[in-house]
Structure formats: C-alpha cells, structure tokens
Amino acid sequence: MFLREQQGLELAGAAGGRSFGRALVPIAERPWTERLRVAALQTDWVPDLGQRIGTRDWWRGLATCTALCGAAWMLSPGWRPILGYAAPAIGGAAFEETRTQGIAPLAYGATTGRRMAAGSLVRQLKETPERPTIELTAALADGDTLPQALQRAGIGRNEAATVANLVSGAVRVDSLKPGTVLSLTLGRRPTKLQPRPLDHLAFRAAFDLELAVTRTGDALSLDRRPIAIDRTPLRVRGVVGPSLYRSARAAGVPARLVEAYIRALATRIPIADVAASDTFDLVADQRRAATGEVETGALQFAGLDQGGRRLQLVRWDGRNPDGDGGSFWDANGRYETRGTMGMPVAGRVTSTFGMRLHPLLGFMRMHKGMDIGAPHGAPILAAVDGVVAFAGRSGGYGNFIKLAHPGGLASGYGHMSRFAVRAGQRVRRGQVIGYVGSTGISTGPHLHWEVWKNGRPVNPRSISLASIQTLSGDTLRAMRAKIARLLSTPAR
C-alpha cells in the first residue's frame with residue numbers, strides 16, 4: 001500500500017533519474033448511461049411531502065406523486081361493469097348435498113356439519129334402533145340428593161327411590177359428599193316412552209366403603225365392598241431452618257396442619273422465639289386406603305425441641321381422647337388460656353390512659369381510665385366475669401358501676417344513663433350491665449372505663465388475662481399414655 005502523494009514524489013525525482021514507483025493508470029471514463037443510473041439510484045424520488053416544503057427535493061416528490069396518480073388513472077378500466085359468470089340454479093338432491101357441504105349461516109337454513117343428504121342406496125328406517133346398554137357417570141352436586149342425581153341420569157323416579165332405600169341400609173344417604181362420582185349402566189327399555197332400567201351402579205360411599213347396586217332378574221341388590229384402611233398417624237420431624245412454615249411444607253406437611261401447629265405453639269411461646277436450629281415435631285391423624293387414597297385429619301401432637309427446653313402439646317378431650325375435638329395441653333397436664341379484656345362498648349376511643357388536659361377543669365391531670373365515645377343509650381358490657389361490688393352515684397363519675405374480678409382485678413364504668421344490674425349480682429363477660437350516658441362531670445355521652453390491679457389504676461388495654469387448668473390422677477396418666485403412643489410413630 002502506498003499513498004498517491006508518495007507516488008507523485010517518486011515520479012518527481014531528479015532529472016534523468018530512474019523512478020522506482022508504479023506508473024498511474026488513468027481511470028476510464030464511464031458512459032453517460034452508467035452515470036445516469038448511479039444518479040437515479042442516489043436520488044430520493046419519494047421524500048416526505050410534509051417536510052421541507054418548497055425545496056428541490058419536495059418538488060421532485062410532488063412530481064413523482066403526480067406521475068403515479070396519472071398512471072393509475074390512465075390504467076383504470078373505467079366505470080363500465082365487469083361481467084361475471086353466474087352458476088346455474090340447482091335443486092333437488094343436488095341442492096341438499098351442496099347445502100350440507102357448503103358453509104353458510106344457520107339463520108339461512110344451513111345444515112353444515114349436521115347431516116348428509118340421502119343417496120339412492122339409503123333406506124329409511126321406521127324406527128331408530130337403540131343401544132342395548134348405556135354406560136355413563138354422574139356426580140352429586142352441592143345440595144343434591146342421590147335420587148335427584150339418578151333421575152338426571154335417566155332413571156325413573158320409583159327405581160331411584162328403591163336404590164336410595166338400599167343404600168340407606170349401609171350409609172346415610174344425606175352423608176354422601178358433593179362430588180361423589182356415580183358409575184351407572186342402564187339397560188334396554190321396553191319402549192321409548194319408559195325410562196331405562198338400572199343394571200349396575202357403583203360409587204364410593206365412604207372413605208372405607210364402596211357400594212354397588214346390581215340387577216338380578218327384576219330385583220336390585222346391594223353389594224358392600226369394604227376397603228382396607230391403614231390408620232397409622234402421620235409424624236413429621238425436621239429442623240426449623242430459615243422459616244418454620246416453609247420447612248414443614250417442604251417436609252410434606254399439608255398447609256392446614258402447619259397452620260394448626262403454629263397456632264398451638266403460639267398459645268405457649270412467642271413464634272419469634274423459635275430459632276433456626278430448633279426441631280419441630282408434629283403428629284396428625286391419617287388414613288391410607290388400600291386403593292391408594294390418603295386422607296389427613298386433625299393435628300394431635302405439636303412438639304418443639306429448643307435444645308435445653310422441650311415443649312410438648314397434645315390434643316386432649318376427656319370425653320373422646322382420640323377425637324379431633326378438645327384443646328392442646330402440655331405434658332404436665334396443664335391447659336393455659338391467655339387474652340385481654342374485651343371492649344365494654346362499641347365506639348371510638350376519645351381519651352386514653354395517662355396525663356391529659358382536663359376538658360372542663362382546664363389543667364393537666366392524670367386520666368386514670370379510657371373514654372369511649374358512643375351514642376346515648378348504647379349498651380355497656382362486662383369486660384370480664386365478676387361480681388357487682390358497687391352500683392350507684394359516685395361524684396364526678398355520675399352513675400357508676402364497679403365489678404370485682406378474680407386475681408385482685410377490678411373494673412369501673414362511669415357516666416352511665418342507667419343501670420342493668422344491682423350490687424352483689426354475678427355477671428358474665430359480655431353481659432349488659434348498663435347504658436351509655438353523660439352523668440357526672442362529662443362533656444357528652446361516653447363511657448369512662450377504669451381498671452385497678454390490687455387497688456392501683458392501670459391501663460385497661462394492658463391487662464393480660466390468663467387461666468390455668470390442670471389434670472391429675474387417671475386422666476393425667478391417660479393423657480401421657482396418648483403422648484407416648486403418638487411419639488412411638490416412626491417419623492418421616
């Protein structure tokens with residue numbers, strides 16, 4: 001490679017000197033047709049007529065548009081109609097055949113895809129023959145009954161009632177679950193005016209029972225087919241890891257059981273205290289049928305091993321120890337309930353517990369309770385079970401009721417319009433004890449609610465109520481025997 005200037009320097013050497021560069025080859029002159037073709041290719045013949053209006057390119061584009069419009073007008077066929085070919089009209093069998101094979105709207109009488117026109121070899125039948133038997137399935141709908149489902153399948157009312165009476169001898173007909181699939185075989189009927197008779201019916205009546213109704217001659221008989229059930233409980237153990245819920249679900253525990261397990265633990269320990277290194281252990285009822293179906297029941301045991309601390313909770317109901325009722329007791333036979341005091345009236349909190357500027361006295365003063373604004377005459381409920389210690393007029397409180405509760409707890413309700421209980425009466429939680437008013441030092445209808453713990457006023461919403469029940473004797477031994485039986489189940 002070399003530059004044109006270098007080539008010129010070599011040619012312009014000393015006089016008479018010998019040149020070592022190549023001689024320039026003159027470029028051949030291109031013909032005018034080639035130059036015209038190149039210029040045409042480089043020219044924009046169709047510029048945007050909305051831009052650069054009035055320029056040379058714009059006029060060139062306008063000329064191109066005018067030429068194209070003129071060419072289209074010159075090549076147009078004119079306004080004379082173009083004659084086409086109309087197919088001759090057809091009729092008879094040819095018309096029926098054409099209409100069946102053609103595509104047309106149903107509104108115009110089309111029979112597309114429905115039937116084919118009869119040919120010369122077709123013989124009309126006086127009566128369409130019926131299939132000797134029909135096999136079909138039906139399902140019980142929500143709120144449906146067995147006779148209704150059988151009648152929808154084509155069985156007569158009397159025969160459907162007969163089948164229901166046979167089935168009721170094995171299970172309760174109203175206990176059949178919605179979605180139960182009925183496998184039916186309907187036989188030949190004497191005439192088309194009568195429903196088909198039932199030849200065979202089979203369905204899963206219960207998890208451990210299958211029923212079959214079979215026709216023998218003119219009579220129907222019921223056949224019970226018990227299904228073997230393995231009732232070994234489901235036990236799952238695992239490490240909590242980053243998430244107790246996700247770890248239990250990954251171990252194969254159904255979501256419903258995981259939620260029940262977490263709720264059981266929450267009654268004894270804060271869920272936030274569960275560490276990633278802890279081990280969860282749960283046991284639930286489970287039934288496994290010989291046909292392969294698995295049904296999971298209620299949670300029976302909830303355990304958590306936190307190294308130095310082990311929590312064991314078991315579902316216990318003295319009347320039915322192995323049932324799915326009752327509550328969760330710990331291994332020592334204790335059942336603990338926790339909660340807070342309920343709101344005594346439906347309304348909104350207008351003043352909380354603590355220091356405040358008194359709305360009438362005009363200076364800062366300790367507010368020893370909680371004010372709840374409510375309509376005049378709204379019912380006031382007892383927050384906790386107790387005994388009415390006082391019911392009457394009490395200075396600035398107006399009409400006032402004081403309830404005494406176990407554990408050194410007491411509650412007061414002021415500014416009432418009237419009372420619904422009297423002194424010495426025992427009341428239950430949620431019982432109406434009076435009605436909202438504005439008696440005493442009050443700016444409007446509301447309830448002043450106070451709570452005392454061992455004689456000292458406390459915030460009503462800070463009171464935590466707890467009760468403990470204990471088992472002993474044979475009941476405690478029976479509960480521990482249940483725990484030992486559940487823990488003997490191999491974990492997966």
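Not measured: the values here are computed from a predicted model.
Scanning for side chain to side chain donor-acceptor pair (under 3.5 Å) contacts around Thr185 gives an empty result, with sequence neighbours left out. Applying the salt bridge (Lys or Arg N to Asp or Glu O under 4.0 Å) rule to Arg428 yields the partners Asp385; only residues at least two apart in sequence or on another chain are considered. Scanning for salt bridge (Lys or Arg N to Asp or Glu O under 4.0 Å) contacts around Asp474 gives Arg477, with sequence neighbours left out. For Ala149, the side chain to side chain contact (heavy atoms under 4.5 Å, CB included) criterion is met by Leu140, Asp144, Arg152, Leu182, not counting sequence neighbours. Checked against salt bridge (Lys or Arg N to Asp or Glu O under 4.0 Å), Arg256 has no partners two or more places apart in sequence or in another chain. Every residue was checked against the side chain to side chain donor-acceptor pair (under 3.5 Å) condition with Arg224, not counting sequence neighbours, and none meets it. In this structure, the side chain to side chain contact (heavy atoms under 4.5 Å, CB included) partners of Val458, at least two apart in sequence or on a different chain, are Val451, Lys453, Ile463. Taking the side chain to side chain donor-acceptor pair (under 3.5 Å) definition, one finds that Arg225 meets it with Asp223, sequence neighbours left out. In this structure Asp317 satisfies the salt bridge (Lys or Arg N to Asp or Glu O under 4.0 Å) test together with Arg319, sequence neighbours excluded. Residues passing the side chain to side chain donor-acceptor pair (under 3.5 Å) test with Glu259: none are found, sequence neighbours excluded.
Gln425 is not listed as a side-chain neighbour of Ile433, based on a closest heavy-atom distance of 4.5 Å or more. Leu184 has its side chain within reach of Ile155: a pair of non-hydrogen atoms, C-beta onward, lies under 4.5 Å apart. The shortest side-chain heavy-atom distance between Leu299 and Leu282 falls under the 4.5 Å cut-off. Inter-residue side-chain proximity for Asp285 and Thr296 is flagged as unmet; no heavy-atom pair is nearer than 4.5 Å. Contact check for Thr214 versus Leu220: no side-chain heavy atoms found under the 4.5 Å cut-off. For the pair Leu471/Trp329, a side-chain contact is recorded, criterion being any heavy-atom separation below 4.5 Å from C-beta on. By the 4.5 Å heavy-atom criterion applied to side chains, Pro197 and Arg189 are counted as neighbours.
The two residues Trp316 and Ala478 have their closest heavy-atom pair at CH2-CB, 3.7 Å. Of all the heavy atoms in Leu447 and Pro344, the pair that sits closest is CD2-CG, 3.6 Å. Here the shortest heavy-atom pairing between Ala383 and Tyr413 reads N-OH, 3.4 Å. Heavy atoms only, all atoms of each residue included: Ser411 and His405 are closest at OG-NE2, 2.7 Å. Arg131 and Arg196 make their closest contact through O-NH2, 3.0 Å (heavy atoms, listed as atom of the first residue, atom of the second, distance). Minimum heavy-atom separation, Thr216 to Ser221: OG1-OG, 4.3 Å.
Panel note: side chain Asp48, backbone Gly50; a donor-acceptor pair is recorded below 3.5 Å. Under a 3.5 Å cut-off, the side chain of Ser417 and the backbone N or O of Val436 do form a donor-acceptor pair. With Arg422 contributing its side chain and Ala391 its backbone, the two residues share no donor-acceptor pair below 3.5 Å. Not a single donor-acceptor pair under 3.5 Å links the side chain of Thr64 to the backbone N or O of Val46. No donor-acceptor distance shorter than 3.5 angstrom exists from the side chain of Ser247 to the backbone of Leu244, with no hydrogens or angles considered. Remark: the backbone N or O of Ala331 is paired with a side-chain donor or acceptor of Arg480 at under 3.5 angstrom. Side chain of Arg288 to main chain of Gly292: no donor-acceptor pair is present (N/O by atom type, distance under 3.5 Å, no hydrogens or angles).
Interatomic distance, CG of Asp273 versus CD of Gln306, reported as 7.0 Å (0.5 Å rounding). Put simply, CD on Gln151 and CZ on Arg157 are 5.5 Å apart, with the number rounded to the nearest 0.5 Å. Of the inter-residue distances, the one linking Phe301 atom CZ with Leu313 atom CG reads 7.5 Å to the nearest 0.5 angstrom. Summarising the geometry, atom NE2 belonging to His446 is positioned 9.5 Å from atom CD1 belonging to Ile372; distances are rounded to the nearest 0.5 Å. Atoms OG1 and CG, on Thr279 and Asp305 in that order, are 5.5 Å from each other to the nearest 0.5 Å. Here Leu209 contributes atom CG and Phe203 contributes atom CZ; the two are 8.0 Å apart, rounded to the nearest 0.5 Å.
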Donor-acceptor contacts, no H, no angles, side chain residues 159-167, under 3.5 Å, sequence neighbours left out:
unit_1 : atom_1 : unit_2 : atom_2 : d
Glu159 : OE1    : Leu198 : N      : 2.9
Glu159 : OE2    : Arg215 : NH2    : 2.1
Thr162 : OG1    : Asn158 : O      : 3.0
Asn165 : ND2    : Ala161 : O      : 3.2

Checking side-chain contact (heavy atoms from CB on, under 4.5 Å) for the pair Ile380/Ile401: CA distance, chi angles, key distance, verdict? CA-CA 11 Å; Ile380 301 172; Ile401 284 181; over 6 Å; no

Could you please spell out the steps behind the side-chain contact (heavy atoms from CB on, under 4.5 Å) verdict for Gln312 and Leu487? CA-CA 10 Å; Gln312 291 182 337; Leu487 294 182; 3.8 Å; yes

Leu136 and Leu186: CA distance, side-chain angles, deciding distance, side-chain contact (heavy atoms from CB on, under 4.5 Å) verdict: CA-CA 8 Å; Leu136 52 90; Leu186 306 183; 4.1 Å; yes

Chi angles and distances behind the side-chain contact (heavy atoms from CB on, under 4.5 Å) call for Leu257, Val236: CA-CA 11 Å; Leu257 288 181; Val236 180; over 6 Å; no

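Taking a 6.0 Å sphere around CZ of Arg426, one finds it holds 12 or fewer heavy atoms contributed by other residues, nucleotides or ligands. Remark: Asp142 CG is loosely packed, at most 12 non-hydrogen atoms of other residues, nucleotides or ligands lying under 6.0 Å away. Residue Arg485 places its CZ atom among more than 12 non-hydrogen atoms of other residues, nucleotides or ligands, all under 6.0 Å distant.
Applying the side chain to side chain donor-acceptor pair (under 3.5 Å) rule to pairs touching residues 228-246 yields Asp230-Thr232, Arg235-Asp281, Arg237-Asp281, sequence neighbours excluded.
His448 and His415 have perpendicular rings, their planes meeting at more than 60° on a 0 to 90° scale where under 30° would count as parallel.
Here the options are Glu295, Glu210, Glu293, the test is salt bridge (Lys or Arg N to Asp or Glu O under 4.0 Å), and the partner is Arg204; only Glu293 passes.
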